[in-house]
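Just below is one structure, and these are the notes that go with it.
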Amino acid sequence: MNLIIYDFETSGRSARYDQILQAGIILYDKNLVEIKQLNLKSKLNADVIPSINALNVNKIYLSNLLKEKKTSFEIIQEMNDFFEKNRPSMFLGYNSINFDEEFLRQGLWENFLYPYVTTTRDNKRGDVLNLVRMAHAQNPDIMKIIQDDDGKLSFKLENISKENNFNILQSHEAISDVIATKKVFEIVKKNAQDIYKDFIDNTDKKKLIEKIKFNKFFCLHANYYGKHFFYLLTHLIDHPVYNDNFLVFDLKHDPRDLINLTNQELSEVFFSGKKKYFRKIKINKQPSILSDKIALSKSPYDEIKVEELVERKKIIEESDLKNRIEKLLVREAENFEESRSQLQENEEETIYKENINNFDRSIMGRFYSTEWDKKWEFAEKFKDKRLRYFAAKHIFRCNPYLLPTKVFRYFHEKISERLSSIESQNFMTIPAAMEEADNLLLKYENSDKSIDLKNQLEEYDIYINFLNNYYNNKNINPKPICFDENLSIKLFGK
């Protein structure tokens with residue numbers, strides 16, 4: 001199977017509201033020989049305020065973002081085409097499952113494309129960060145991992161590259177980070193075949209489920225706050241509400257402590273979490289599942305006789321603990337769904353909440369082939385209001401002049417309300433952007449970095465003031481503006 005290693009540089013950390021600014025993607029064969037490379041950059045969306053911290057780390061100027069030729073609408077389509085032409089493949093990234101993959105799914109979904117490309121249609125995926133942590137936990141000599149100022153292990157890709165003598169030419173440049181990820185992956189593959197095999201097995205959903213459900217015991221490796229932990233676990237119950245979620249029992253505890261508790265007492269133990277008898281495992285997060293022999297060699301499990309561990313497993317199987325826990329999981333899920341339903345969510349936050357109806361699903365792909373001056377007319381066919389909203393957002397970003405006046409003003413007002421908010425939000429607002437810029441300036445005011453930051457901060461200040469004027473609630477008659485090279489010239493003179 002070929003490998004697709006990818007990395008994104010983004011405008012911020014919120015997959016629901018920020019955008020992919022750079023996408024580095026390289027297709028490798030099974031021997032890690034490069035086949036094809038895709039290096040994409042997007043212009044800044046009109047409704048997104050980038051984090052100045054993100055721009056500073058990525059060494060990106062706002063003037064350059066406005067001058068990029070391709071829109072986010074175009075690069076998402078280009079990525080999707082690349083993935084479709086090269087499946088099946090194994091998708092790899094560094095910290096990708098919790099970060100890059102969420103940006104990818106959001107981008108595909110908002111662009112009317114199938115979002116689960118990395119885990120379906122015979123594709124697999126894995127996170128190289130998990131591989132590095134597994135490898136270091138079992139053999140620290142495989143690669144050098146430094147400690148940060150607090151004495152915690154630092155698994156930052158930039159640090160690993162430096163310590164292991166393959167410096168990233170342009171760190172935080174998407175394509176450079178892809179090459180660094182490949183090198184890290186290659187080191188473990190070459191020097192730790194057993195660990196590499198466990199990692200590959202963990203990219204296979206079927207094998208993961210078999211390891212958890214059909215082994216008497218299994219080991220889970222986790223890394224919290226830069227420290228390694230090994231747990232000896234046994235499957236307790238499939239989650240009664242959420243697919244591919246399991247509740248497992250930690251065998252360092254004695255189930256005899258629980259089986260005679262009243263329902264109320266068991267509920268208090270379960271929900272308090274003071275003593276972690278149980279752990280939740282989500283298959284779609286690629287948990288690091290290992291042989292039980294690894295955990296059996298670690299404290300405190302090495303102090304418990306195997307016969308006693310077998311007995312604990314037997315007690316769990318023969319008691320009514322599973323049925324009682326199932327009821328608690330149902331109640332927990334019901335409470336969560338009820339509290340979530342009471343929240344007023346923006347359209348961007350509903351990716352996992354409500355499925356697309358069959359009619360809309362059948363016509364979503366045709367939005368791309370429709371000419372821009374016909375796109376809104378086509379978008380009105382959608383029954384799902386979210387899809388009409390995303391269609392309006394694409395036109396607002398790419399060709400705002402083509403939106404009907406009422407729709408343009410409605411969308412402009414909606415974005416104005418969001419970006420002008422003085423409350424803490426899941427997205428960058430104008431007040432928050434001003435505060436972040438001030439804090440960054442103060443942080444480096446007396447350091448050499450202040451020189452490097454000066455131009456970035458000057459552009460950022462100009463841009464935020466422009467947004468404040470354009471989206472100000474007092475702007476009762478807003479006009480469409482293209483966020484492009486002409487705007488860059490107007491604002492920055494270049």
Side-chain angles (χ1 to χ4, degrees), residues 1-9 24-39 89-101 118 123-148 152-204 207-208 219-224 226-230 285-291 293-294:
M1 178 179 281
N2 289 335
L3 306 176
I4 291 176
I5 303 181
Y6 71 108
D7 180 81
F8 298 146
E9 303 303 334
I25 305 167
I26 301 180
L27 177 70
Y28 296 95
D29 68 14
K30 63 181 181 180
N31 297 314
L32 290 174
V33 175
E34 182 176 326
I35 299 173
K36 190 174 183 180
Q37 186 177 123
L38 197 63
N39 192 2
S89 292
M90 179 180 293
F91 286 77
L92 297 172
Y94 201 86
N95 193 29
S96 52
I97 289 179
N98 290 320
F99 187 80
D100 304 81
E101 186 175 78
T118 63
N123 292 323
K124 298 179 181 179
R125 60 91 147 99
D127 196 321
V128 178
L129 174 59
N130 290 347
L131 174 63
V132 172
R133 286 172 169 169
M134 283 170 51
H136 184 269
Q138 297 178 65
N139 184 356
D141 295 329
I142 289 175
M143 66 177 65
K144 295 179 182 178
I145 303 294
I146 64 170
Q147 295 181 334
D148 62 19
K152 299 174 183 176
L153 295 171
S154 173
F155 291 95
K156 291 182 178 179
L157 184 60
E158 185 176 3
N159 292 341
I160 292 175
S161 301
K162 182 179 179 181
E163 292 299 315
N164 292 275
N165 301 316
F166 54 91
N167 289 343
I168 304 174
L169 295 177
Q170 292 178 291
S171 62
H172 300 292
E173 181 81 13
I175 206 70
S176 296
D177 286 352
V178 168
I179 295 170
T181 299
K182 178 254 188 181
K183 289 181 178 179
V184 170
F185 182 74
E186 205 167 23
I187 288 173
V188 181
K189 180 182 179 183
K190 181 180 179 180
N191 298 303
Q193 278 293 316
D194 290 345
I195 297 169
Y196 172 76
K197 183 180 183 303
D198 281 330
F199 174 80
I200 296 300
D201 285 347
N202 289 338
T203 67
D204 188 315
K207 288 184 178 179
L208 262 180
C219 172
L220 171 70
H221 167 257
N223 186 280
Y224 302 119
K227 294 183 179 181
H228 297 297
F229 296 87
F230 295 92
K285 293 299 182 181
Q286 201 204 9
S288 296
I289 306 300
L290 308 170
S291 167
K293 293 179 182 179
I294 295 174

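Partner of I26 under the side chain to side chain contact (heavy atoms under 4.5 Å, CB included) criterion, out of L92, T181, V178: V178 alone. Of the listed residues (I200, L290, I142, V132), just one forms a side chain to side chain contact (heavy atoms under 4.5 Å, CB included) with I195, and that residue is I142.
Rounding to the nearest 0.5 Å gives a distance of 9.5 Å between CD of E101 and CZ of F8. The CE atom of M1 lies 13.5 Å from the CG atom of D29; values are rounded to the nearest 0.5 Å. To the nearest 0.5 Å, atoms CG (N95) and NZ (K156) are separated by 11.5 Å. Residue N123 holds its CG atom at 5.0 Å from CZ of F91, rounded to the nearest 0.5 Å. Rounding to the nearest 0.5 Å places OH of Y196 at 14.5 Å from CD1 of I187. The structure places CG of L32 at 5.5 Å from NZ of K182, a figure rounded to the nearest 0.5 Å.
Of all the heavy atoms in G24 and A174, the pair that sits closest is N-CB, 3.4 Å. Across every non-hydrogen atom of F166 and A180, the tightest pair is CE1-O, 3.8 Å. When every heavy atom of C219 is checked against every heavy atom of S291, the shortest pair comes out as CB-O, 3.2 Å. Annotation for S154 and I145: closest pair O-CG2, 3.3 Å, computed over non-hydrogen atoms. Y6 approaches S96 most closely through the heavy-atom pair OH-CB, 3.9 Å. Between L220 and P287, the shortest heavy-atom distance links the atoms CD1-CB, 4.1 Å.
Classified by interplanar angle (parallel below 30°, tilted 30° to 60°, perpendicular above 60°), the ring pair Y224/F229 is tilted. The aromatic rings of H228 and H221 are tilted relative to each other, their planes meeting at an angle between 30° and 60°.
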- Message: side-chain contact (heavy atoms from CB on, under 4.5 Å), that's the test. Do I4 and R125 meet it? Break it down for me.
- Response: CA-CA 9 Å; I4 291 176; R125 60 91 147 99; over 6 Å; no

- Message: Assess the residue pair M143 and V188 against the criterion (side-chain contact (heavy atoms from CB on, under 4.5 Å)); give the C-alpha distance rounded to whole Å, side-chain angles, the decisive distance to 0.1 Å, and a yes or no.
- Response: CA-CA 8 Å; M143 66 177 65; V188 181; 3.6 Å; yes

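The closest side-chain heavy-atom distance from Y94 to F155 is below 4.5 Å.
Under a cut-off of 6.0 angstrom, the local environment of NZ in K189 is crowded, with over 12 non-hydrogen atoms contributed by other residues, nucleotides or ligands. Other residues, nucleotides and ligands place no more than 12 heavy atoms under 6.0 Å from the NZ atom of K227. Under a cut-off of 6.0 angstrom, the local environment of CG in N139 is crowded, with over 12 non-hydrogen atoms contributed by other residues, nucleotides or ligands.
In this structure, N202 contributes its side chain and Q286 its backbone to no donor-acceptor pair below 3.5 Å. With hydrogens and angles disregarded, no donor-acceptor distance shorter than 3.5 Å links the side chain of D177 to the backbone of D7.
A salt bridge between E158 and K162 is absent, with no side-chain N of the basic residue lying under 4.0 Å from a carboxylate O of the acidic one.
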